[in-house]
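These notes are about the structure you will find just below.
By convention here, the first residue in the shown sequence is residue 1.
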Amino acid sequence: MADHAFVTLATNDSYAKGALVLGSSLQKNTSKKLVVLITPQVSDSMRKVLEKVYDVVRVVDVLDSEDSAHLALMERPELGVTLTKLHCWTLIEYTKCVFLDADTMVLQNIDDLFEREELSAAPDPGWPDCFNSGVFVYRPSIETYNQLLRLASEKGSFDGKQN
């Protein structure tokens, strides 16, 4: 369906390189639309390359959890910008999307993921009470986007713990 899309995020040129691999692997395995969200930190030259692989390249603002204490405990300070993924809910021109982290690669057709309901995701092996946000199925909605932003600002930490 034309109203379905695979979506990824690149917050800098390093992640954009991964997004290029992901996009190329998707091109070989689906006819769905391909969308990459990028932040202003992605260079213009990299954006031009992404435009050759993705149907849509959209610039979004960085959303940072500013939760350096928990991220330091995990030794993953770069995950602070993971909240930027929330922008994927603003893609309301699509009725259903599958988000894939830029460090994933598709080896065969996975279009059957679009048959799953929102929100479908796998549990995180390191945090079994949470889902892994690297691959998930969702329905874009400005209302959901606003609710998620509100929840993130009220609850703080990405792992559900109150500050």
Counting C-beta onward and ignoring hydrogens, is there a side-chain heavy-atom pair between Tyr138 and Val7 closer than 4.5 Å?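 Yes, at least one pair of side-chain atoms sits under 4.5 Å.
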Can you tell if the side chain of His87 reaches within under 4.5 Å of the side chain of Leu9, non-hydrogen atoms only?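 Counting from C-beta outward, His87 and Leu9 never come under 4.5 Å.
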Which value, rounded to the nearest 0.5 Å, describes the distance between [X] atom [atom1] and [Y] atom [atom2]?
X	Y	atom1	atom2	value
Leu91	Phe99	CG	CZ	10.0 Å
Asn29	Leu107	CG	CG	7.5 Å
Cys88	Leu37	SG	CG	7.0 Å
Glu115	Glu117	CD	CD	10.5 Å
Ile38	Thr84	CD1	OG1	12.5 Å
Lys96	Asp3	NZ	CG	10.0 Å

Describe, in one word, how the ring planes of Phe136 and Phe131 are oriented to each other, choosing from parallel (under 30°), tilted (30 to 60°) and perpendicular (over 60°). perpendicular
Could you tell me which non-hydrogen atom of [X] sits nearest to which non-hydrogen atom of [Y], and how far apart they are?
X	Y	result
Ala16	Met46	CB-CG, 3.3 Å
Ala10	Val42	O-CG2, 3.5 Å
Gln41	Val62	OE1-CG2, 3.4 Å
Ser120	Arg116	OG-CB, 3.4 Å
Asp111	Asn109	N-OD1, 2.8 Å

When you compare the side chains of Ser141 and Glu143, does any donor N or O come within less than 3.5 Å of an acceptor on the partner?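 Side-chain D/A pair, Ser141 to Glu143: absent.
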Are Gln147 and Trp89 linked by a side-chain donor-acceptor pair shorter than 3.5 Å?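 Short answer, no.
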Grouping I, L, V, M, F, W and Y whenever their side-chain heavy atoms are under 4.5 Å apart, do [X] and [Y] come out in a common cluster?
X	Y	result
Leu22	Val57	yes
Tyr145	Val60	yes
Val35	Val98	no
Leu148	Val137	no
Tyr15	Val36	no

Side chain to side chain contact (heavy atoms under 4.5 Å, CB included) between Lys33 and Val56, intermediate numbers included: CA-CA 8 Å; Lys33 292 289 186 183; Val56 176; over 6 Å; no
When you measure from the side chain of Thr11 to the backbone of Thr39, do you find a donor-acceptor pair of N or O atoms at a distance under 3.5 Å? no
Could you go through Leu86 and Leu149, starting from their C-alpha distance and side-chain angles, then the distance that decides it, and tell me whether this counts as side chain to side chain contact (heavy atoms under 4.5 Å, CB included)? CA-CA 8 Å; Leu86 295 181; Leu149 284 179; 4.0 Å; yes
Verify the ring-centre separation between Phe6 and Phe114: is it less than 6.0 angstrom?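 That pair passes the under 6.0 Å test.
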So does Arg58 pair up with Glu93, basic N to acidic O under 4.0 Å? yes
Side chain to side chain contact (heavy atoms under 4.5 Å, CB included) assessment of Ile142 paired with Ile92: CA-CA 7 Å; Ile142 297 299; Ile92 58 172; 3.9 Å; yes
What do the steps show when you test Asp101 against Val135 for side chain to side chain contact (heavy atoms under 4.5 Å, CB included), and what is the final call? CA-CA 7 Å; Asp101 269 350; Val135 178; over 6 Å; no
